[in-house]
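The block underneath contains the structure these notes are about, expressed in structure tokens.
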Protein chains: 2
Amino acid sequence: MAEVRNIDTRERILDTAERLFMAHGYDGTSMRQITSEANVNLAAVNYHFGSKESLMQEVFRRRLDWLNDERMRVLDHLEAEAAGQPVKPSLIVDAFFGTLLRMADDKSRGGMTFLRLLGRTLTDPSEFIRAFLAHEYQHVMDRYKEALFRALPEVPKAEIVWRFHFMLGATSYAIAGTDALRLVTDWQIEAEDSVDRLDRLVPRLMSFLIGGLRAPLPQFS
Amino acid sequence: MAEVRNIDTRERILDTAERLFMAHGYDGTSMRQITSEANVNLAAVNYHFGSKESLMQEVFRRRLDWLNDERMRVLDHLEAEAAGQPVKPSLIVDAFFGTLLRMADDKSRGGMTFLRLLGRTLTDPSEFIRAFLAHEYQHVMDRYKEALFRALPEVPKAEIVWRFHFMLGATSYAIAGTDALRLVTDWQIEAEDSVDRLDRLVPRLMSFLIGGLRAPLPQFS
DNA sequence: CTATGATTCAAACGAACGTATGAATCACTT
DNA sequence: AAGTGATTCATACGTTCGTTTGAATCATAG
């Protein structure tokens, strides 16, 4: 009997939880689903993580720590290259959203599963999740807002903040990829297969985001 | 004793469910919360709606029927005015998203509560909700996609569909308004109060959406 | 007033939930 | 080989969930 035991129980729980939380949401996923699909004992989650809430936080922390650090590194590098001059807006947008989207190809960092989980969770109603994400993101958001302020001195700061918000929404929704409205189904244009679609999603979304960011300012009537 | 009884139990359940589903999500809201806050008996929901799922569907149908009919009417009117010529893209976008956003001011149609519920639900993981929304939206989406195809003949149809998708995401996230990342907090620019913010959200979002829709086409390297 | 169908009510059902417990088993040191 | 702390295990606890039931109460028509 190939009684494999303890090939990192923690990691197997995290992987399974990530996938199930993505598919059915936090409230819609039970501990018994997680532990049974991960082939671990029911009590393993509480032993290793303490509680279901802590497990959820660890699922995110495992990915977000790297992502947000990477975002900081990339922005550091861009600002160093600019040598005091403002960084181009499109480069800032790519550093924030492109770095995120390129995780889709990196299975060792969660790949598309984590991206969809993140996209869906940004609008999750659970209080503790929102609070946790807000805390994790706070300092990165501040850095990027400041960079955009300098890059677009002629645009009111309030406008930039709002447009950052809109860009987050477009990205979140794009990667959540619920096909909630079956927008993309039964549509035979260009015969793109799913692999191709993922490859082309990044430039497509980037064009859209930059277009929105640089749009003419609204006239308040 | 002002023993008020049966001032439309159904409506009171729907209003309460709408508010609670918005605040805590479908799975996060229990029948007992709903019936207790609506001051009706626990069995009332099953009596009037059959099940929790049917209640959720009725919460949406009550608002979406009017919204999507109105969207159809407005597009009918625009196309009649255009007399065979394509309708301007900005008018199409306003007919779809503006009609939605202006519900925020109409308390009789759910107001901001329903808007936030809808925004959050578009990325909800529950299977039956996504299937229901897809069905409710199908014909409206098709009409609007066709209108955009005619309005932007030089843009590949696949690109238009994707950008429609992105616009939906930006809008959904903007109205979900979770402040998930506390993007808008502790920021003292322009001293906008919340009323002002809601008023100005529509033109702000519209500028962003049109900018994204009309952005230069992406170059696939 | 009485009959009838619609609605409300308190109470209970079985199932599923997150968590806790204490014994059994593992990996590893001495 | 014995001991020790980490991990896994089966099992149970108390709670909450959505739904159901059958009697009580309502509104209304004959």
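Protein chains get the first letters and strands the later ones, always in sequence-line order, with residue 1 at the start of each.
Qualifying side-chain hydrogen bond (donor to acceptor under 3.5 Å, both in side chains) partners for A:S51, counting only residues two or more places apart in sequence or in other chains: A:S54. For A:E70, the salt bridge (charged side-chain N to carboxylate O under 4.0 Å, His left out) partners two or more places apart in sequence, or in a different chain, are A:R73. B:N46 pairs by the side-chain hydrogen bond (donor to acceptor under 3.5 Å, both in side chains) definition with nothing, not counting sequence neighbours. B:E127 is linked by a side-chain hydrogen bond (donor to acceptor under 3.5 Å, both in side chains) to B:R130, counting only residues two or more places apart in sequence or in another chain. Residues passing the salt bridge (charged side-chain N to carboxylate O under 4.0 Å, His left out) test with B:E37 are B:R19, sequence neighbours excluded. With sequence neighbours excluded, the residues forming a side chain to side chain contact (heavy atoms under 4.5 Å, CB included) with B:R102 are B:D94, B:T99, listed by chain and number. Partners of A:S90 according to the side-chain hydrogen bond (donor to acceptor under 3.5 Å, both in side chains) rule, which considers only residues two or more places apart in sequence or in another chain, do not exist here. By the side chain to side chain contact (heavy atoms under 4.5 Å, CB included) test, B:M56 is found to be paired with B:F21, B:Y26, B:F60, B:T121, B:F128, B:I129, residues two or more places apart in sequence or in another chain being considered. B:D65 pairs by the side chain to side chain contact (heavy atoms under 4.5 Å, CB included) definition with B:R61, B:E136, not counting sequence neighbours.
Note on A:N41: every side-chain N or O is 4.0 Å or more away from OP1 and OP2 of D:dT7. In this model, the phosphate group of D:dT8 is approached by a side-chain N or O of A:H48 to a distance below 4.0 Å at OP1 or OP2. Between A:T9 and D:dT7 there is no side-chain polar atom (N or O) within less than 4.0 angstrom of OP1 or OP2.
Between A:R12 atom CZ and D:dT7 atom C1' the separation is 13 Å, expressed in whole Å. Taking atom CZ on A:F49 and atom C1' on C:dA20, their separation rounds to 18 Å, with Å as the unit. Atom CG in B:N46 sits about 14 Å away from atom C1' in C:dC9, given to the nearest Å. Taking atom OH of B:Y47 as the reference point, atom C1' of D:dT21 lies 14 Å away to the nearest angstrom. One can place CZ of B:R10 at 11 Å from P of C:dT8, the figure rounded to the nearest angstrom.
Residues of residues 54-62 of chain A having a heavy atom closer than 4.0 Å to DNA chain D: none are found. Using a 4.0 Å cutoff on non-hydrogen atoms, the parts of residues 17-35 of chain A near DNA chain D are A:R32, ordered by number.
Residues B:K157 and B:E146 are not paired through a salt bridge, judged by the lack of any N-O separation under 4.0 Å between the basic side chain and the carboxylate.
Summary of helix geometry: the two end axes of the helix from C:dC1-D:dG30 to C:dT30-D:dA1, each defined by five base pairs via their C1' atoms, are inclined to each other by 10° (rounded to 10°).
Between C:dT21, C:dG18, C:dA11, one nucleotide has an atom nearer to the side chain of A:K52 than all others, and that is C:dG18. Of the candidate nucleotides C:dT21, D:dA6, D:dT19, C:dT21 has the atom nearest to the side chain of A:A43.
Both A:N39 and B:E53 lie near DNA chain D, and the one whose nearest nucleotide falls closer to the 5' end is A:N39.
Put simply, the side chain of B:E159 does not reach to within 4.5 Å of the side chain of A:F208, judged on heavy atoms.
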